[in-house]
Amino acid sequence: MPRSKALPAELDPHAQQLVTGLRRLKDRDELTLRHLAAKTGYSAKSWERYLGGTSLPPREAVEALARITGADPAPLLALREIAADSWDGRRDRSAAGTPPVEQDPAGRAGDPADVVGVRESAEGEQEPPGGPAGPRPTAPTRFPHRALTAVLAALVVALGITLLLVLRLDDHAAPAPVVAAPTSAAASSPPAYACHLTRVDGRWSAGLNQGRDTEIGYGATGADVAEAQCLLRRAGISPGGIDGMFGPLTLRAVKTFQARAGLVADGMVGPRSWKALRG
């Protein structure tokens, strides 16, 4: 993965921790900006701003990234809440003489390109902003609660340390059922899949393709791919999200499993690979 750019020096420490946590999740699963756009409903340009520290990500974007990587969103959302206070304060100091920006669903000022501006689709095309042009509401004034903020900051630091430890162990832990993230109307979403691992007649099944041994490979989509992803997770190899899309992460996981099982590591899931996965 390419090395991430350094964060802006003036960025608030809590915002730096938030962006660093989001970057770790992205890099751990080897997700590109196009992958994020396809799986979260937020454009690649938006993710470039969020991960570059130039725009505060909405709550929904943080939750979507945590969901597709199987991480706990609570520590990241707590960091975002604290970072939002300083972020809004910086906007208030620098927004003299500039038009106000529209608020996100959580009630805080967001990035105009994410709310009413141009949003790029997963293919790189742009869509025009919706809604009539006109003045936008200003963000509500916030009253400082320094004592409460200090206590929350201490809690978030502790949660952040715990999150980093969990991320180191995540690939070796038994996966919980994973459901694909809901997307907005701006991007199409793959079907939602959940792993329900059971042992039937001595063979493992995730309950998604009725035990079929259909041959699948790179670029395939659907329940057969989701079944293979669940069984790879059960074997302790992460294919990324359980999204039914046979992409780069799933291909790498299949080859790793085939090499471990003594099979030809060609990345194609055929009868022999299915037998080994279900065994």
Side-chain angles (χ1 to χ4, degrees), residues 1-2 23-40 64-72 122 163-181 189-279:
M1 299 296 289
R23 285 181 173 185
R24 285 180 182 273
L25 293 177
K26 169 184 173 293
D27 293 342
R28 186 199 66 183
D29 283 0
E30 299 184 5
L31 298 171
T32 65
L33 296 179
R34 291 176 62 84
H35 290 149
L36 293 178
K39 295 185 178 185
T40 67
L65 178 54
R67 187 181 297 110
I68 66 174
T69 55
D72 181 7
L163 174 62
L164 293 179
L165 293 175
V166 171
L167 291 178
R168 299 290 291 271
L169 300 174
D170 182 67
D171 283 341
H172 303 288
V178 178
V179 181
S189 170
Y193 296 102
C195 300
H196 299 288
L197 292 169
T198 56
R199 191 86 165 167
V200 180
D201 295 331
R203 304 179 70 201
W204 284 103
S205 170
L208 297 176
N209 75 340
Q210 290 78 46
R212 293 191 300 268
D213 291 342
T214 306
E215 184 173 288
I216 55 175
Y218 188 82
T221 60
D224 291 325
V225 178
E227 176 87 5
Q229 289 172 331
C230 290
L231 295 175
L232 287 167
R233 275 277 181 94
R234 189 205 67 81
I237 304 174
S238 174
I242 309 300
D243 53 12
M245 296 190 297
F246 202 127
L249 299 180
T250 301
L251 177 64
R252 185 187 67 177
V254 169
K255 289 184 176 181
T256 300
F257 176 81
Q258 289 173 327
R260 181 186 299 177
L263 302 173
V264 177
D266 57 2
M268 297 292 297
V269 181
R272 292 185 179 181
S273 294
W274 280 114
K275 182 178 180 181
L277 283 170
R278 297 188 188 282

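Between the CG atom of N209 and the CG atom of D224 there is a distance of 4.5 Å, given to the nearest 0.5 Å. A distance of 7.0 Å separates CG in L251 from OH in Y218, rounded to the nearest 0.5 Å. With rounding to the nearest 0.5 Å, the separation of CG in L277 from SG in C230 is 11.0 Å. With rounding to the nearest 0.5 Å, the separation of NE2 in H196 from CG in L208 is 7.5 Å.
Residues T40 and L36 share a closest heavy-atom pair of OG1-O, 2.6 Å. Taking both residues in full, the closest heavy atoms of S238 and A253 are given as O-CB, 3.7 Å, listed atom of the first, atom of the second, then distance. Summarising the geometry of I216 relative to A228, their closest heavy-atom pair is CD1-CB, 4.1 Å, with the distance given to 0.1 Å. In terms of heavy atoms, V254 sits closest to F246 at CG2-CZ, 3.9 Å. When every heavy atom of T250 is checked against every heavy atom of P239, the shortest pair comes out as OG1-O, 3.5 Å. Nearest heavy-atom pair, A226 versus Y193, reported as atom, atom and distance to 0.1 Å: CB-CG, 3.6 Å.
Under the side-chain contact (heavy atoms from CB on, under 4.5 Å) criterion, T221 pairs with M245, sequence neighbours left out. When the side-chain hydrogen bond (donor to acceptor under 3.5 Å, both in side chains) test is applied to D72, no partner is found at least two apart in sequence or on another chain. With sequence neighbours left out, the side-chain contact (heavy atoms from CB on, under 4.5 Å) criterion links R203 to D213, R278. For the side-chain contact (heavy atoms from CB on, under 4.5 Å) test, residues two or more places apart in sequence or in another chain that qualify with A261 are F257, L263, A276. Scanning for salt bridge (Lys or Arg N to Asp or Glu O under 4.0 Å) contacts around R260 gives an empty result, with sequence neighbours left out.
With hydrogens and angles ignored, the 3.5 Å screen pairs a side-chain donor or acceptor of Q229 with a backbone N or O of D243. A donor-acceptor pair under 3.5 Å links the side-chain atoms of W274 to the main chain of T214, judged by distance alone. Put simply, the side chain of R28 gets close to the backbone of T69: a donor and an acceptor are under 3.5 Å apart.
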Contacts table for residues 265-273: side-chain donor-acceptor under 3.5 angstrom, sequence neighbours left out:
unit_1, atom_1, unit_2, atom_2, d
D266, OD1, Q258, NE2, 3.3
D266, OD1, M268, N, 3.0
S273, OG, Q258, NE2, 3.0

* To do: Take L25 and L31 through the test side-chain contact (heavy atoms from CB on, under 4.5 Å) and record every step on the way to the result.
  => CA-CA 9 Å; L25 293 177; L31 298 171; over 6 Å; no
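Residues I68 and D29 have side chains not in contact (no heavy-atom distance under 4.5 Å, counting atoms from C-beta outward). Two residues are said to be in side-chain contact when any heavy atoms from C-beta on lie closer than 4.5 Å; E227 and S205 meet this criterion.
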